[in-house]
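First up is the structure itself, then whatever we jot down about it.
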Amino acid sequence: MKRLLLCCVSLTVLPVPAPARQAPRAELFGGYSYNRIESVSSLEAANTNGWHASLAVNTRIVGFVADFSGHYGETGPTRVSTFSAMFGPRFVYHGKRVAWFAQSLYGVSRIGVGSNGLGSVIGGPSDAAFAFVPGGGGLDIKLGDKVALRVFEIDVVFSRWGDVTQVQSRLSTGIVFRFGKN
């Protein structure tokens, strides 16, 4: 027991050297995104495909991200389109070859449902609602000093349209362009 206590005290008192990782000052991401919409009024669940883009401004650990996505698909004879614009903090761990990140986003989401994807809109005359991602994240693999591959980004987007709660599971992949160093 004394050895365990001595080890714990030693680890908390002695400095532990950690290599300093240079985080890019800004990152621009663009790529493909799959989106599963779990509840859209009385419609069945919809699988949609589209695009996902974000711009992150980083410090060494914490950053701020602006996140945009658009998805398009069908559920039966009905076309569905979604668009979201969200902003929030991002926490990043930059390793030598990989970067893990977790984020929480807040903003607006728009959904269009109809024969042309823009016809009737859930939620009455307003086609936009508050949306948030309580927790999402992903993994980037460094390909070079200025380019990385976003292997995956997973986010669950919640929004409310009148009496209907919409849940979107979003999975994205693509290329990250890195600018500057902190």
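Because the structure is predicted, anything quoted here is derived from the model rather than measured.
Looking only at side-chain heavy atoms (C-beta outward), V147 and F177 come within less than 4.5 Å of each other. Side-chain contact between V133 and Q103 is absent, with no heavy atoms from C-beta onward closer than 4.5 Å. Contact of the P134 side chain with the V156 side chain is not registered, since no non-hydrogen atoms from C-beta on lie closer than 4.5 Å. Counting only heavy atoms from C-beta outward, the side chains of D155 and M86 never approach each other to under 4.5 Å. Counting heavy atoms from C-beta outward, S33 and E153 have side chains that stay 4.5 Å or more apart.
The OG atom of S81 sits 4.5 Å away from the CZ atom of R110 when rounded to the nearest 0.5 Å. Atom CG of L143 and atom CZ of R178 lie 8.5 Å apart (nearest 0.5 Å). One distance of note links OG of S109 with CD1 of I37; it measures 8.0 Å at 0.5 Å rounding. Rounding to the nearest 0.5 Å gives a distance of 9.5 Å between CZ of F91 and OG1 of T59. Once rounded to the nearest 0.5 Å, the distance linking CG of N35 with CG of N49 reads 9.0 Å.
Using cut-offs of 30° and 60° for the angle between ring planes, the F83 and W51 rings count as tilted. Classification of the F87-F68 ring pair by plane angle, with boundaries at 30° and 60°, yields perpendicular.
Under the 4.5 Å side-chain heavy-atom criterion for ILVMFWY residues, no single connected hydrophobic cluster contains both Y93 and V65. Tracing side-chain contacts under 4.5 Å through hydrophobic residues (I, L, V, M, F, W, Y), one never reaches I154 starting from V157; they form parts of separate clusters. Residues Y32 and I141 are members of separate hydrophobic clusters, defined by side-chain heavy-atom contacts under 4.5 angstrom among Ile, Leu, Val, Met, Phe, Trp and Tyr. Note on F101 and V62: separate hydrophobic clusters, where clusters join Ile, Leu, Val, Met, Phe, Trp and Tyr whose side-chain heavy atoms are under 4.5 Å apart, directly or indirectly. A single hydrophobic cluster is not seen to contain both I175 and Y34; linkage of ILVMFWY side chains at heavy-atom distances under 4.5 Å, directly or through other members, places them apart.
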Next item on the list: Output, in order, the C-alpha distance, side-chain angles, deciding distance and verdict of side-chain contact (heavy atoms from CB on, under 4.5 Å) for F158 and V167.
Entry: CA-CA 5 Å; F158 294 92; V167 180; 3.8 Å; yes

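Note on D67 versus R170: salt bridge recorded, some NZ/NE/NH1/NH2 to OD/OE distance being below 4.0 Å.
Residues T48 and H71 have side chains that never bring a donor and an acceptor to within less than 3.5 angstrom of each other.
A donor-acceptor distance shorter than 3.5 angstrom exists from the side chain of T173 to the backbone of R150, with no hydrogens or angles considered. The main-chain N or O of K181 is found under 3.5 Å from a side-chain atom of R25 such that the two form a donor-acceptor pair.
Between L105 and G88, the shortest heavy-atom contact is CD2-N, 3.8 Å. Listed here is the closest heavy atom pair of H52 and S172: ND1-OG, 2.7 Å. Residues V92 and A99 come closest through the heavy atom pair CG1-CB, 4.4 Å. For the residue pair A46 and V80, the shortest heavy atom distance occurs at CB-CG2, 4.4 Å.
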